[in-house]
Chemist: 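Here it is, the structure, as structure tokens.
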Amino acid sequence: MLAQIAVEATRVVLILFIILGTIGNVLNLFIFTRPTLLKSPCTLYLLAASIDNILVIYTTLLTRLLANGFSIDITITSNAVCKLRSYVGYVFFAVSPYFFVLACFDRYCSSSPSATYRSWSNKKVAKRLIIGAITLACILYFHMAIFFEIQSGEGGLSCNCRS
């Protein structure tokens, strides 16, 4: 009985997260792609964060909903899918906060009295830092692609970190 309540709660909460998250991030994309806002390097960071959040929703939350809410676990089909989902999920989750920190750094630089700091607030630097943040996250979480694998346990097969 309690397990069924947990499954239903998981379904409801994750479906709400997927629907509301999609709506919010699509609205962000609509707003941040306005020509007047695209002039600001800070907008590039927020645009990248919104795109990343959509990727998190449809790679991580959707697969979690299918696995825990409907017992359709695609991560146990092969070790490659298990490793890829884990790696991509961790990278996408990690990158979004980096973008918000970079946006804060950009706002600090753009309002600085120092001309040297203000020069860091431009679109060319923003694009390079976005690529750098993605590359850094890919490197930092590469061990997930190595150590995650399908394991059998009490509840059957699952995709977990190898110990």
Side-chain angles (χ1 to χ4, degrees), residues 6-75 77 80-145 148 159 161:
V7 169
E8 289 301 321
T10 298
R11 285 181 187 164
V12 170
V13 170
L14 288 180
I15 288 171
L16 278 174
F17 280 175
I18 291 170
I19 292 169
L20 296 176
T22 300
I23 292 169
N25 284 296
V26 167
L27 289 174
N28 282 347
L29 292 177
F30 179 73
I31 290 168
F32 293 143
T33 54
R34 301 297 92 199
T36 54
L37 287 177
L38 277 177
K39 294 176 184 172
S40 169
C42 184
T43 303
L44 292 179
Y45 297 119
L46 298 175
L47 189 61
S50 293
I51 292 168
D52 179 64
N53 289 335
I54 289 172
L55 293 172
V56 166
I57 288 169
Y58 288 101
T59 59
T60 306
L61 289 183
L62 186 60
T63 56
R64 179 68 52 112
L65 173 65
L66 291 173
N68 295 349
F70 298 101
S71 299
I72 305 169
D73 194 355
I74 63 167
T75 61
T77 57
V81 173
C82 172
K83 290 173 183 290
L84 183 66
R85 191 261 184 202
S86 300
Y87 175 66
V88 168
Y90 276 98
V91 168
F92 287 161
F93 264 126
V95 171
S96 189
Y98 294 173
F99 294 143
F100 288 112
V101 169
L102 289 171
C104 292
F105 177 71
D106 178 75
R107 293 293 82 199
Y108 170 77
C109 289
S110 70
S111 63
S112 174
S114 168
T116 306
Y117 287 156
R118 281 194 312 273
S119 70
W120 278 75
S121 179
N122 67 62
K123 288 173 74 171
K124 185 176 180 180
V125 170
K127 290 175 185 177
R128 287 181 179 172
L129 289 176
I130 289 169
I131 292 169
I134 294 168
T135 305
L136 178 65
C138 288
I139 292 168
L140 289 176
Y141 288 94
F142 189 71
H143 66 283
M144 296 295 178
F148 268 72
C159 178
C161 187

Chemist: Show the nearest heavy-atom pair for residues Ile130 and Ala48, with the distance to one decimal.
Modeler: CD1-CB, 4.1 Å

Chemist: Quick one: does any side-chain atom of Thr43 pair with a main-chain N or O of Leu37 as donor and acceptor, under 3.5 Å?
Modeler: yes

Chemist: Would you say Lys123's side chain and Cys42's backbone share a donor-acceptor pair under 3.5 angstrom?
Modeler: no

Chemist: Just to verify, what does Arg11 make a salt bridge (Lys or Arg N to Asp or Glu O under 4.0 Å) with, not counting sequence neighbours?
Modeler: Glu8

Chemist: Rounded to the nearest 0.5 Å, what's the gap from OG on Ser121 to CZ on Arg118? Could you check?
Modeler: 10.0 Å

Chemist: I need the minimum non-hydrogen distance between Asp106 and Tyr45, along with the two atoms involved.
Modeler: CB-CE1, 3.6 Å

Chemist: Indicate yes or no: at least one non-hydrogen side-chain atom of Val101 is less than 4.5 angstrom from one of Phe105.
Modeler: no

Chemist: So do Phe148 and Tyr87 actually touch side chain to side chain, heavy atoms under 4.5 Å?
Modeler: no

Chemist: Extract all donor-acceptor atom pairs below 3.5 Å that involve side chains of residues 49-58 and protein atoms in other chains or at least two apart in sequence.
Modeler:
residue : atom : partner : partner atom : Å
Ser50   : OG   : Asn28   : ND2          : 3.3
Ser50   : OG   : Leu46   : O            : 3.2
Asp52   : OD2  : Ser96   : N            : 3.2
Asn53   : OD1  : Ser96   : OG           : 3.0
Asn53   : ND2  : Ala49   : O            : 3.2
Tyr58   : OH   : Thr22   : OG1          : 2.6

Chemist: Which pairs of donor and acceptor atoms, one on a side chain in residues 62-74, lie under 3.5 Å apart (sequence neighbours left out)?
Modeler:
residue : atom : partner : partner atom : Å
Thr63   : OG1  : Thr59   : O            : 2.8
Thr63   : OG1  : Thr60   : O            : 3.0
Thr63   : OG1  : Arg85   : NE           : 2.8
Thr63   : OG1  : Arg85   : NH2          : 3.1
Asp73   : OD1  : Thr75   : N            : 3.1
Asp73   : OD1  : Thr75   : OG1          : 2.5
Asp73   : OD2  : Thr75   : OG1          : 3.4

Chemist: Say whether, by atom type as modelled, one donor and one acceptor occur between the side chain of Thr10 and the main chain of Ala6 under 3.5 angstrom.
Modeler: yes

Chemist: Is Arg128 atom CZ crowded by more than 12 heavy atoms from other residues, nucleotides or ligands, each under 6.0 Å away?
Modeler: no

Chemist: Tell me, do Asn25 and Leu29 make a side-chain contact under 4.5 Å, heavy atoms counted?
Modeler: no

Chemist: Once the angle between the rings of Tyr117 and Tyr108 is folded into 0 to 90°, is it parallel (under 30°), tilted (30 to 60°) or perpendicular (over 60°)?
Modeler: tilted

